[in-house]
Colleague: 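Okay, handing you the structure first.
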Amino acid sequence: MSKVKIKGTTKITGVFGYPIIHSLSPVFQNSAFEYLNLDFVYIPLEVKPKDLKKAVDAIRIFNWVGINVTIPHKKEVIKFIDELDETSKILGVVNTIHNVNGKLKGYTTDGEGFIRSLKEDGKFNPKNKNIFIIGAGGSSYAICGALINEKINSIFITNRTFENAIKLREHIVTKLNFKNIKIIEFEKRNEQTIWENIDLLINTTSVGMKENDPLLIKKENIEKVRFVYDIVYNRKTELLKTAEKLKIPYLNGLSMLVYQGAISFEIWTGRKAPIDIMKKSIYEKIET
Ligand SMILES: NC(=O)c1ccc[n+]([C@@H]2O[C@H](COP(=O)([O-])OP(=O)(O)OC[C@H]3O[C@@H](n4cnc5c(N)ncnc54)[C@H](OP(=O)(O)O)[C@@H]3O)[C@@H](O)[C@H]2O)c1
């Protein structure tokens, strides 16, 4: 348990979201501040969509150092800040704001957080690999972009709503200039031939968050891949249970959650994030 001491000099960081009560970020961010003896604190801030502009004004008024932005504000917040990093410009979302002398700069750390987690915790380098991604929502955009920067060979994408997968392909081909991408119709996702050369399977959907959520990919196909990543982080999903049974290396979303937060921490403090401390604090809180 973190024992952050708040003083007149304490620099304030936090997260805007709605709802926010389940956020795990205060746990690992405050543990990191405490470990490095930094005079910072991280607080959860419930912000209703109608109040987002006022909340962003508060960052300037109270001179808060940095704010994470989560569901449902990641897109909308762009309207109210001053500058965007390249990734946020391309994706049209922000999950981290840094206040430098009243000027608010937006970043998005999900994609880079995913890659750091995959390489450092998963010991899996995606370079030249063939990737199968389930989902075409916000996190899929971030993850696809970051994987393309890592010089992967190909991406296969399947999504419940076909049009959303098509939009993601359009984005990848036109904005990221990556052509080796194939959309698989959701109903055809388990056709065996697709799975012959897949190295990495990633679930970017919310399927798995609930107890009885189905396994979207058949066991005989999961068996063929070399690594499984499920970005869901509230429980061990059927996908991960299956990977475990098959002795295929896997990671859950807690790892990505910590790394994306670590990058925010580094932006705000200029210090290297104590990843092991952050992980320990969160693993103590959640059973995986
Ligand atoms: N570990 C981390 O750090 C991290 C970071 C970000 C997000 N996440 C997690 O990732 C998940 C997705 O987040 P997001 O921000 O990408 O959400 P999002 O933009 O709302 O996208 C949701 C995705 O899930 C699909 N989906 C939802 N219900 C489905 C169902 N019953 N069957 C099949 N597909 C379904 C959607 O398909 P349609 O297009 O058909 O609606 C869409 O592709 C959430 O569980 C979130 O908590 C984790």
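Values reported hereafter were calculated over all heavy atoms of this structure, with side chains retained and with hydrogens, waters and symmetry mates removed. In each ligand, atom 1 is the first atom listed, and ligand 1 is the first ligand listed.
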Colleague: Ring centres of Phe28 and Tyr42 under 6.0 Å apart?
Modeller: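 Distance test on ring centres: not under 6.0 Å, no.
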
Colleague: For Phe265 together with Phe33, are the ring centres under 6.0 Å from each other?
Modeller: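 Ring centres of Phe265 and Phe33 closer than 6.0 Å.
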
Colleague: For atom 27 (C) of ligand 1, find the nearest protein heavy atom and state the residue, atom name and distance (0.1 Å precision).
Modeller: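 Nearest neighbour among protein heavy atoms for atom 27 (C) of ligand 1, to 0.1 Å: Ser206 OG, 3.4 Å.
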
Colleague: Could Asp199 and Arg226 be called an ion pair, given the rule that one side-chain N must be under 4.0 Å from one carboxylate O?
Modeller: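 Yes, Asp199 and Arg226 are salt-bridged.
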
Colleague: Can you find a protein heavy atom under 4.0 Å from atom 20 (O) of ligand 1?
Modeller: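 It does not; no protein heavy atom is within 4.0 Å.
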
Colleague: Determine, counting only non-hydrogen atoms of the protein, whether one lies under 4.0 angstrom from atom 16 (O) of ligand 1.
Modeller: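 Given the 4.0 Å cut-off, atom 16 (O) of ligand 1 counts as touching protein heavy atoms.
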
Colleague: Are His73 and Tyr18 close enough that their ring centers fall under 6.0 Å?
Modeller: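 Aromatic pair excluded; centres sit 6.0 Å or further apart.
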
Colleague: Looking only at protein heavy atoms, which one is nearest to atom 33 (C) of ligand 1, and how far off is it?
Modeller: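 Closest protein heavy atom to atom 33 (C) of ligand 1: Val207 CG2, 3.6 Å.
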
Colleague: If you measure every N/O of Leu254 against every N/O of ligand 1, is any gap under 3.5 Å?
Modeller: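 No; every N/O pair is 3.5 Å or more apart.
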
Colleague: Can you sort out which atoms of ligand 1 are near Asn164, meaning under 4.0 Å from one of its heavy atoms?
Modeller: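 Reading through ligand 1 atom by atom, the close ones are 38 (P), 39 (O).
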
Colleague: Heavy-atom contacts with Gly135 under 4.0 Å: which atoms of ligand 1 show up? List them by number with element.
Modeller: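 Selected atoms, number and element: 43 (O).
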
Colleague: So which of Leu251, Asp213, Thr205 gets nearest to atom 24 (O) of ligand 1, if we judge by its closest heavy atom?
Modeller: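 The residue whose heavy atom sits nearest atom 24 (O) of ligand 1 is Thr205.
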
Colleague: Answer side chain, backbone, both or neither: which part of Ile231 comes under 4.0 Å from ligand 1, heavy atoms only.
Modeller: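 Both parts.
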
Colleague: Would a distance-only check, ignoring hydrogens and angles, find a side-chain to backbone donor-acceptor pair under 3.5 Å from Thr204 to Ile134?
Modeller: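 Pair found, side chain donor or acceptor close to backbone of Ile134.
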
Colleague: Can you tell me which portion of Thr161 lies within the under-4.0 Å heavy-atom range of ligand 1? Options are side chain, backbone, both, or neither.
Modeller: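 Near ligand 1, Thr161 shows its backbone as well as its side chain.
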
Colleague: Using a 4.5 Å cut-off on heavy atoms from C-beta on, say whether the side chain of Val56 contacts that of Lys79.
Modeller: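 No. Closest side-chain heavy atoms not under 4.5 Å.
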
Colleague: Among all protein heavy atoms, pick out the one at the shortest distance from atom 22 (C) of ligand 1; state its residue, atom name and that distance to 0.1 Å.
Modeller: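 Minimum-distance protein heavy atom for atom 22 (C) of ligand 1 reads Gly137 CA, 4.5 Å.
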
Colleague: Determine whether a donor-acceptor pair (N or O, by modelled atom type, separation under 3.5 Å) exists between the side chain of Ser88 and the backbone of Leu84.
Modeller: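 A pair under 3.5 Å: no.
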
Colleague: Which residue owns the protein heavy atom closest to atom 6 (C) of ligand 1, what's the atom, and how far is it?
Modeller: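 Of the protein heavy atoms, Ser139 CB, 4.0 Å lies nearest.
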
Colleague: With no hydrogens and no angle check, is any side-chain donor or acceptor of Asp230 less than 3.5 Å from a backbone partner on Leu240?
Modeller: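 Looks like no, no N/O pair under 3.5 Å.
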
Colleague: Give me the nearest non-hydrogen protein atom to atom 29 (C) of ligand 1 as residue plus atom name, then the distance to 0.1 Å.
Modeller: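 Of every protein heavy atom, Arg160 NH1, 3.3 Å lies nearest to atom 29 (C) of ligand 1.
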
Colleague: For the residue pair Lys182 and Phe132, would you count it as a cation-pi contact if the rule is NZ or CZ under 6.0 angstrom from the ring centre and within 45 degrees of the ring axis?
Modeller: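 Judged by the rule (NZ or CZ under 6.0 Å from the ring centre, within 45° of its axis), Lys182 is not positioned above Phe132.
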
Colleague: Among all the protein's non-hydrogen atoms, which is closest to atom 5 (C) of ligand 1, and how far away is it?
Modeller: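 For atom 5 (C) of ligand 1, the nearest protein heavy atom is Met256 CE, 3.6 Å.
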
Colleague: Do Asn130 and Asn153 pair up side chain to side chain, a donor and an acceptor below 3.5 Å, judged on atom types alone?
Modeller: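 Yes, a side-chain donor-acceptor pair sits under 3.5 Å.
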
Colleague: Using modelled atom types and a 3.5 Å cut-off, is there a donor and acceptor pairing between side-chain atoms of Trp268 and backbone atoms of Thr96?
Modeller: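 Judged by distance alone, no pair lies under 3.5 Å.
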
Colleague: For atom 46 (C) of ligand 1, is some protein heavy-atom partner under 4.0 Å away?
Modeller: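 Under 4.0 Å from atom 46 (C) of ligand 1, zero protein heavy atoms found.
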
Colleague: Quick one: does Leu216 get an N or O within less than 3.5 Å of an N or O on ligand 1?
Modeller: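 No, there is no polar N/O contact under 3.5 Å.
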
Colleague: For the residue pair Asn68 and Asn95, confirm or rule out a side-chain donor-acceptor distance under 3.5 Å.
Modeller: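 No pair is found: no donor N or O on one side chain lies under 3.5 Å from an acceptor on the other.
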
Colleague: Checking contacts here: is it the side chain or the backbone of Thr204 that comes within 4.0 Å of ligand 1, counting heavy atoms only? Could be both or neither.
Modeller: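 The answer is the backbone.
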
Colleague: Looking at ligand 1, does any of its N/O atoms fall within less than 3.5 Å of an N/O of Asn159?
Modeller: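 Indeed, backbone or side chain, Asn159 has an N or O that close.
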
Colleague: Taking 4.0 Å as the limit for heavy-atom contacts, which would you say applies to Ala136 with ligand 1: side chain only, backbone only, both, or neither?
Modeller: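 The backbone, only.
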
Colleague: Enumerate the atoms of ligand 1 whose separation from the nearest heavy atom of Met209 is less than 4.0 angstrom.
Modeller: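 That gives atoms 45 (O) of ligand 1.
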
